[in-house]
Enquirer: 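Just passing along the structure, written as C-alpha cells.
So that the names make sense, note that chain A is the first sequence line, chain B the second, and so on, each numbered from 1.
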There are 2 protein chains.
Amino acid sequence: MAKIHTRKNSTQKEVIAKSAALLFKVKGFKASSMRELAEAVGVEAPSLYNHISSKSELLQFICFKVADKFTTHLSMVENSSGIVISKIESFIRFHICMMLENFDEVFVANHEWKHLQEPFLHDFLSQRHNYEKRLVALVEKGINKKELKKQNAYVIVLTILSSVRGLEFWERHKKNINRQILEDTMVDHLLNGILK
Amino acid sequence: MAKIHTRKNSTQKEVIAKSAALLFKVKGFKASSMRELAEAVGVEAPSLYNHISSKSELLQFICFKVADKFTTHLSMVENSSGIVISKIESFIRFHICMMLENFDEVFVANHEWKHLQEPFLHDFLSQRHNYEKRLVALVEKGINKKELKKQNAYVIVLTILSSVRGLEFWERHKKNINRQILEDTMVDHLLNGILK
DNA sequence: CCTACCGATCGGTAGG
DNA sequence: CCTACCGATCGGTAGG
C-alpha cells in the first residue's frame, strides 16, 4: 500500500516534469507560470504543490536528469575498448540521439540552467565542466596515439559539442530531411576535420 | 539645437541598450527588471522611459542591430570575387569576430529573441531563415563547382553556424588560450570536414 | 484535489 | 530627472 502510494506520487511528479520541460522550452523558465503549468497538467495551480515543493525544484529535476544521462554514457565510452576515434564517434552519435529523443529536457538543461538556485547551480556547472575536461582528455589521448591531427584539444571539443547542440535549430525542419543523413553528414564533417 | 537634442537622446538610448544587453545576457530578459537596469545606468526606473518606450523595445533594438550586422556582412561576401571556400572562411571568421567583440548583444539575440513581441518576432525569424537559406545556396554553389565534397548543404551550414555560436562557452576561458589559435583551429576543423 | 487569499514584485504612468 | 503610485501577475500557503 505504501509502495503504491510512493509510486503514484513519483509518477505524477514525472508527468508534471514532462509538461514543465515543454513549457520551459517554449516560453523560458521565468516566463512560465505555475498557473500555465497547472492548466497543461489539468489541475489548479495549488494542487501542483502536493507533488513538488517549488517551481525551482522542477528545473533541478529536469537539468540533473539530463546531466546524469550524459555522464553515464561518457563513463561507458571511457571504459569501453576500441580506438579513440570510434569512442568520439559514439559520443557524437549519443548527443545527436539525445537531442532528437529528449529534445525538451535537453533544451531546458542547455538554456535555463542559469535559473537554478544555489547550491544546485554550482553543482550543475561543476558537472558540466568535469564532462568537458574528460572529453578534452579523450581527444588528447587520440592526438598522442597519432589517431588525430595535432591541434588544440579544447577547441576541438568546443566545436563538436556546439555542433551537436545546434540540432536545437533542427526541430523546425525535422520532416524535411532523413535522420540518418543528418547524423552521418554531421559525424563525417566533424570527424574528417580532425582525422590525421 | 534640435540636432543636438536628437543626438543626445539617441546616445543615452545606446547607453541604456548597452547596459540592457549585459543584464539580459546574465539574467535573461524576463528575469531582468527595469529597476535593476535603472540602477546599472544610474537613474531611477521611471527615468528610463524618457529614452525608451518599453522594456520590449530594448530587446528589439538589440536583436535587430545584431541581425543587421550579419546580413550586411553576408551581402558583402556574396558580392565579392573569389572562390566559394574563401567566402565561407570569411563568413566563419566574421562570426567568430562578432562573438568575441559584441558578445553581450550577440548572446541576447541568440537566446532571448523568443521574447520579442509580434510583429517583431516574425520579422526576426524571417530574417534568420533568409540568412540560412543564402548560406545553404553558397555551400551548394561550392559543391557544384567541385570545391566541396558532395554532402547535404543544410547540415553543413547547421554544423558551421552552431560551432561558431558555441563560442558563447568560450568566454569563461578567454584568458587561457590565444585568440588566433582558437580562430585558426576552428576554421581548419570546419573547412577540412567539407573540403574535397 | 479544491477555493480563497497573501505579500512581493513587476512594467509602466501621472504629475511636476 | 524625480517621487508617488497603480493594476496585474507572480510563487506559494492555509485550510478543508
Enquirer: From C:dG12, D:dC1, D:dG11, pick the nucleotide closest to the side chain of A:Ser33?
Expert: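 It is D:dG11.
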Enquirer: Let's see if you can work this out: which of C:dG12, C:dA4, C:dC1 has an atom nearest to the side-chain heavy atoms of A:His51?
Expert: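 So the nucleotide nearest the side chain must be C:dC1.
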Enquirer: Atom CG of A:Leu48 and atom C1' of D:dT13: how far apart are they, to the nearest Å?
Expert: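 Distance check: A:Leu48 CG to D:dT13 C1' gives 14 Å.
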Enquirer: Salt bridge check: are A:Arg134 and A:Glu78 linked by an N-O gap of less than 4.0 Å?
Expert: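 Salt bridge present between A:Arg134 and A:Glu78.
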Enquirer: Starting from C1' on C:dT13, measure out to CG on B:Asn50 and report it in whole angstrom.
Expert: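 Rounded to whole Å, this separation is 12 Å.
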Enquirer: Between B:Glu183 and B:Arg93, is the closest basic N to carboxylate O distance under 4.0 Å?
Expert: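 Result for this pair is yes, salt bridge flagged.
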Enquirer: Roughly, in whole Å, what's the span from CD1 in B:Ile16 to C1' in C:dG12?
Expert: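 Value for this atom pair: 15 Å.
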Enquirer: Taking the side chain of A:Val43 as heavy atoms from C-beta outward, which of D:dG11, C:dC1, D:dC2 is closest to it?
Expert: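 Looking only at side-chain atoms, A:Val43 lies closest to C:dC1.
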Enquirer: Using Watson-Crick or G-U wobble geometry with both distances under 3.5 Å, which nucleotide pairs with D:dC6?
Expert: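 Its partner is C:dG11 (Watson-Crick or G-U wobble, both distances under 3.5 Å).
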Enquirer: For the aromatic rings, using the six-membered ring if either is Trp, is the centroid distance between B:Phe70 and B:His95 under 6.0 Å?
Expert: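 When the ring centroids of B:Phe70 and B:His95 are compared, they turn out to be within the sub-6.0 Å range.
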Enquirer: Ion pair present between B:Glu36 and B:Lys27, side-chain N to carboxylate O less than 4.0 angstrom?
Expert: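 Salt bridge: yes.
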Enquirer: When the distance from CD of A:Glu57 to P of D:dG11 is rounded to whole Å, what number comes out?
Expert: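 Rounded to whole Å, this separation is 15 Å.
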Enquirer: Let me know the distance between CZ of B:Phe29 and P of C:dG11, rounded to the nearest Å.
Expert: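 For the pair B:Phe29 CZ and C:dG11 P, the rounded distance is 8 Å.
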Enquirer: Once you measure the plane-to-plane angle for B:Phe29 and B:Phe24, does it fall in the parallel (<30°), tilted (30-60°) or perpendicular (>60°) bin?
Expert: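 B:Phe29 and B:Phe24: perpendicular rings.
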Enquirer: If you check the A:Tyr49 side chain, which of D:dG11, C:dT13, C:dA4 turns out closest?
Expert: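 Selected nucleotide (nearest to the side chain): D:dG11.
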Enquirer: Whole-Å distance between D:dT9 P and A:Lys30 NZ?
Expert: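 Distance check: A:Lys30 NZ to D:dT9 P gives 18 Å.
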Enquirer: Tell me what B:Ser32 touches on the nucleic acid: a base, only sugar-phosphate, or nothing, going by heavy atoms under 4.0 Å.
Expert: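 Result for B:Ser32 = sugar-phosphate.
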Enquirer: Looking only at side-chain atoms of B:Gln12, point me to the closest of D:dC1, D:dC10, C:dA14.
Expert: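 Closest nucleotide to the B:Gln12 side chain: D:dC1.
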Enquirer: Nearest whole Å is fine: how far is C:dT9 P from B:Glu36 CD?
Expert: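 Answer to the nearest Å: 11 Å.
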Enquirer: Scan every strand shown for a Watson-Crick or G-U wobble partner of D:dG16, both distances under 3.5 Å, and answer none if you come up empty.
Expert: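 Across all strands, the one nucleotide that pairs with D:dG16 is C:dC1.
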Enquirer: If you check every side-chain atom of A:Lys55, which of D:dA4, C:dC1, D:dG11 has the closest atom?
Expert: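 Nearest nucleotide to the side chain: D:dG11.
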Enquirer: Side chain of B:Arg35 only, please: which of D:dG11, C:dG11, D:dT13 is the nearest?
Expert: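 Nearest to the side chain of B:Arg35 among the choices is C:dG11.
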Enquirer: In whole Å, I'd like the distance from the CG atom of A:Leu37 to the P atom of D:dC10.
Expert: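 A:Leu37 atom CG is separated from D:dC10 atom P by 12 Å.
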